[in-house]
Structures are given as structure tokens and as C-alpha cells.
2 protein chains.
Amino acid sequence: MIERLAIIGVGLIGGSLARALRAAGAVNEVVGCGRALPNLERAVEIGVIDRFDQDPAAAVAGADLVFIAVPLGAIRAVFTAIKDRLRADAIVTDGGSVKGSVVADALAAFGRIPPRLVPGHPIAGTEHSGVDASFATLYRQRRVILTPLPETDPEALARVDWMWRTCGAEVSRMSVAHHDEVLAATSHLPHMLAYGLVDALARMDETDEIFRYAAGGFRDFTRIASSSPVMWRDICMANREALSAMLARFSIELTDLSQAIRLGDGNTLLEVFERAKAARDRYVEVASPKDSPSSDADKRK
Amino acid sequence: MIERLAIIGVGLIGGSLARALRAAGAVNEVVGCGRALPNLERAVEIGVIDRFDQDPAAAVAGADLVFIAVPLGAIRAVFTAIKDRLRADAIVTDGGSVKGSVVADALAAFGRIPPRLVPGHPIAGTEHSGVDASFATLYRQRRVILTPLPETDPEALARVDWMWRTCGAEVSRMSVAHHDEVLAATSHLPHMLAYGLVDALARMDETDEIFRYAAGGFRDFTRIASSSPVMWRDICMANREALSAMLARFSIELTDLSQAIRLGDGNTLLEVFERAKAARDRYVEVASPKDSPSSDADKRK
């Protein structure tokens, strides 16, 4: 049981955690914190949080568990604001999509790695944001990666592990660097391609006509380009190195593909497409017993 | 009413046309033709076609309407096979994703543009193939582009227009070159990015682990990489010029994005992401009154 949960950033991620823990009867009181007052008022109105304080230091007072779900660019300031107001035994965890930057932020703010800080990342989300987009089942059968450090207190780690399992998630552990590489490949790079594609089309003449003839495949392909621009700017800045390496790798792939098309090299094209289809079909097969074939966004409907 | 419809290529596209026309009571007899005997037998068994002949010349005999739905690389051979066996008043149309190559194939096979050839392209599909993947509502509220030529008989054009409207589609007209540019942007380029991304990941070490941590967004983004490799090889070969131009355009976009990430240029990133999100949100808004928010694939379930 969590006595008092402080959620810094009551949006899709933070709001869904509160809803899931409430639904499981695993939390007594939820205190919210955020910059947008209407969103916090709305969060109280729909019962996601019990009360709020816009000052992070006040919001974490007396909390036994603090969950930080603000954009990555705002995490260091939150650490700095709360460091002297945390209960001595308070556990702090976060939902940031990049872990290296969160650890660096903690080091800068606390002067060391706090033993009761458990860096984490729920691999879940939709392209929507704000507390109204949150729902209790967001984390069900989703993966959560925790990236404990040598300094991390095993009891704090076990408690965060329990928290996520209570929400229905599958928890695994990974090193900080490995997490950031895996996510650059499976999430950050695809977002860059989707944003880049839509932007390239948006900058063409006759944009309206082009989008008019886009079919369902295009909608699926570009759904992630409707995600929060600020969040994604922060992710790019925070995971510069791993993402740059993945972009370079993809760029070589695209150059090879472009050349095969220009030269009319059907064999190379067929080889690439067959390898990709086999990998995706195998992946979907692996994933489908647990995950729905439809997107997160569809699932909410 | 179509008296005898010949469908060359009884897969998702050809099978769905037959089903839709049957459902509308707009066709009397459907004759199928294809290379895979089990697929044709299956098509008869489930009532998509009445009978079949594996020889295209025999299959089109006596047909008043011929629909060609084979991969683009096989179209010229079909034209050549049927040209001397078509009824004098038979209308021929196709479902090829590239129109310039179909027109070139017709010119090569017939020695001129046949007035009763109406090049067409239904913008619909799923990542599945074969007659079992076909369904009667595939074309409902989908766009079909017809690309008539100066030589095209207006009565033949009107008849193909009517055929697609009978299936519930919205029909529009475009020049051959413009069609191929628009589709390169909205369909062919996205497929290259999806295939390229999955292939790049499939070639990395720890591929299994990488795919394991991919979330719903990745599944949507890569769904089109499960499409038919042969079909897509043919599309790339057939639309080389327009697709190469789009790839070059995207490549510049990606280079700019990569540089902004490497330099930590948050303002540029935010600008790109905001422009892309605005374009996509506007596009989805425009499209949503008619189209479902879920993908073609989801829709079938």
C-alpha cells in the first residue's frame, strides 16, 4: 500500500498511474503537481488525484512515493525543487523515456545518486496528452523497464517493481545505456521518421491534395507524429548520442534502398522487403499473445 | 449491370471487387484467372468467383469488363496474352499502384493506347493478401483514382467510374504523372521507410530483444512492412523516377533533423515536430468524417 503518492506531472502517464493504483486499491492519497492549473482542477474533478499543490516541494511533503512524469527537459528542476523536502524514506521514481539524462540530472541536483531513486520507463502511451487522456488500463500487459544503479537501494527497487506489477505491467531491468540504445531503435527513431515524413509532405506544394489521397496505412504510419512536440524535443536532446547513432544506421539503409530503386535493382529490393516482412511478422507473432494487434490509441476507444 | 466480369489476379484487390459487385447485385458472372490453383479453387469455394481459367486469354473470352489486379511486373504479359481475345466492346481496367508503367505496358503490348482501357487505382488495401483476405466493404468510402488518357473512350470511363461507385468508393480523376507523384509521397515513400526501419533493426545484434520492447506505436508504424515484398518490388521498379525524387526530398529532411539532434538544436526540432503535428492533426480531422480512425487491417476484424 502506498500511503501518499505524489505525482509531479498529472498527464497521460502520471494520471494513468494514479488511476491504475486507485483501481487496484493500492494507494491511499494522491497529491498532484503541475504547471497547468485547469488540468490539475480537472484531475481532482474526475477523481484522478485528491488534491494538488503547484509547488513541487510542497506536493512531495509527507509522500512515501514520488512519481515524476514531466517532460525530460523539466526533470532536473523538479529534482532540485524537491530534494530538501523529501521524506527521508521517500522513494522517487520517474517515467522518462531516456534514462541517461535522468541519472545525470539526479547527479547534478542531488550531488550523488540518491539510493532511493529508481529510474524507470513504462513503455506505454498514446499520441494524446493531458489528464483527460489517462486511463487505468494503460499499463496492463505493457512493459516497464527499471534501470537501477549500483547505488540503488534493493528495497526501493522492489517497491517500484511491485507498484508497476500492481498496474498490470511486466517489469524488466536493464542498464541505463542499454535502455537508451534499445529505445532509440524502437521508439525514438520511428518518431523521427514519422515527424520527418509528415513535415516533408507538409512543406510540399499541394499538401492538402497529397494528404487527401493518403490511405489507412499512412494514418497508422504517421500516428506517432501527432505526439507532443515538446516531449519529443526533450527526448531528442536527452538521447542525442544513441539516437544519432541509430539515425546514421538508418541513413545508410535508406541510401542503399534509394540506390537499388534508382538502379532498378529488383533483387536487392526483394531481399530487403522479404527480410523486413519476415522480421515484422515474427515480431507480431511473438507480441500478439499478450498485446492487442490494435494500437494504444485504438485501445482507448 | 456487368454481364461477365473477368478478374485477372484473384487476391485481396480483385477478390474484394468481385465481392463488392456481387453484394450490390451489379454483376452476373465472375470468371477468375491466376497462377496459384489452390487460391482459385478457394475463390470458387467461398463464392468470390463462379469459375476460373488459368489462361488469361481464355478467361477474358466473352467478358464485357476485365479487371487486372496482378503485381505491376506481370501486367504487360497479361495485356499481351489477352489482346487478341478481348471482345470488341470489352472495357479493360486495372488496380495497379503506379499508372505510368501500366500505360507504357499497354503501349508496348497493344501498339497504341486502347480507347477502352481505363487505368485506375483503388486507394485501399491491407497488409494481407490472397482471396481469403478479400472482403466486400474494402472499397467503401475509399478513394479510387482513374487516370484517363486523351485516347480514352468517355463511355468506357463512365462505366468504370460507375463500377467503383457501386462498390461504395469515391472516384476522382488525375493525370498519370500526377497520380504517380502523389502516390510516391503518400504511399510508396512511407512503405520504404517502414521496410527500411524494420530491416535495419532486423540486421542489428539483439534483434529479438529490440522488438520485444517495441510498443503499440511501433506496431502501427511498421504494419505496412508486412505487405507483399513482390508487389512492392514491382511498385518501386515501376515508379522509380517519382519515388527517387521523394526519397531525395526525405533524405534532406532527415539530414536536417539528424544535424539538429547532433547539435542539440531544440528550436529547430520543436519547429519541425510542431509543423508535422499540426499537419497530421489537420489531415486526420479532414479525413475522419469519412474514414475510420483505425487502420484497414483493424477494420476487417
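A note on names: the letters A, B, ... follow the listed sequences, proteins ahead of strands, and every chain is numbered from 1.
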What part of [X] is in contact with chain A, defined as an atom under 4.5 angstrom from a non-hydrogen atom: side chain, backbone, both or neither?
{"X": "B/Glu181", "result": "neither"}
{"X": "B/Leu197", "result": "both"}
{"X": "B/His178", "result": "side chain"}

Just by distance, no angles: are the side chains of A/Ser244 and B/Arg262 close enough, under 3.5 Å, to form a donor-acceptor pair?
no
Are the side chain of [X] and the backbone of [Y] linked by a donor-acceptor contact shorter than 3.5 Å?
{"X": "B/Arg275", "Y": "A/Arg203", "value": "no"}
{"X": "B/Tyr139", "Y": "B/Val144", "value": "no"}
{"X": "B/Asp265", "Y": "B/Ala260", "value": "no"}

So, A/Arg173 and A/Asp161, do they make that salt bridge, N to O below 4.0 Å?
yes
B/Asp180/B/Lys99 ion pair, N-O < 4.0 Å:
no
Is it the side chain or the backbone of [X] that comes within 4.5 Å of chain B heavy atoms, both, or neither?
{"X": "A/Leu243", "value": "side chain"}
{"X": "A/Ile252", "value": "neither"}
{"X": "A/Glu271", "value": "neither"}
{"X": "A/Glu253", "value": "side chain"}
{"X": "A/Leu201", "value": "side chain"}
{"X": "A/His121", "value": "neither"}
{"X": "A/Leu193", "value": "both"}
{"X": "A/Leu254", "value": "side chain"}
{"X": "A/Thr207", "value": "side chain"}
{"X": "A/Ser187", "value": "neither"}
{"X": "A/Asp208", "value": "side chain"}

B/Pro119 and side chain to side chain contact (heavy atoms under 4.5 Å, CB included): which partner among B/Val98, B/Val160, B/Ile145, B/Asp94?
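With B/Pro119 as partner, B/Val98, B/Val160, B/Ile145, B/Asp94 yield a single side chain to side chain contact (heavy atoms under 4.5 Å, CB included), made by B/Asp94.
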Taking the side chain as everything from C-beta on, heavy atoms only, tell me whether B/Leu183 gets closer than 4.5 Å to B/Ile123.
yes
Close side-chain approach of B/Ser258 to A/Met192, heavy-atom, < 4.5 Å
no
B/Tyr213 six-ring face occupied by A/Arg143 cation (under 6.0 Å, within 45°)
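A/Arg143 over B/Tyr213 ring: yes.
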Only pairs of heavy atoms separated by less than 4.5 Å count here; which of [options] has the most with chain B?
{"options": "A/Arg249, A/Arg233, A/Arg240", "answer": "A/Arg240"}
{"options": "A/Phe218, A/Phe250, A/Phe221", "answer": "A/Phe221"}
{"options": "A/Gly196, A/Ser172, A/Ala225, A/Ala200", "answer": "A/Gly196"}
{"options": "A/Ile224, A/Val182, A/Leu247, A/Thr222", "answer": "A/Thr222"}
{"options": "A/Leu263, A/Ile261, A/Leu270", "answer": "A/Ile261"}
{"options": "A/Ala202, A/Ala278, A/Gly264", "answer": "A/Gly264"}

Rounded to the nearest 0.5 Å, the SG atom of B/Cys236 sits from the CG atom of A/Leu257 at a distance of 7.5 Å
Ring-plane angle category for B/Tyr195 and A/Phe273, please: parallel below 30°, perpendicular beyond 60°, tilted otherwise.
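Because their plane-to-plane angle is under 30°, the rings of B/Tyr195 and A/Phe273 count as parallel.
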When the ring planes of A/Trp232 and A/His191 are compared, do they come out parallel, tilted or perpendicular, using 30° and 60° as the limits?
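Ring orientation, 0 to 90° scale: parallel.
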Residue, of B/Val198, B/Asp199, B/Thr186, that accumulates the most heavy atom pairs under 4.5 Å with chain A:
B/Asp199
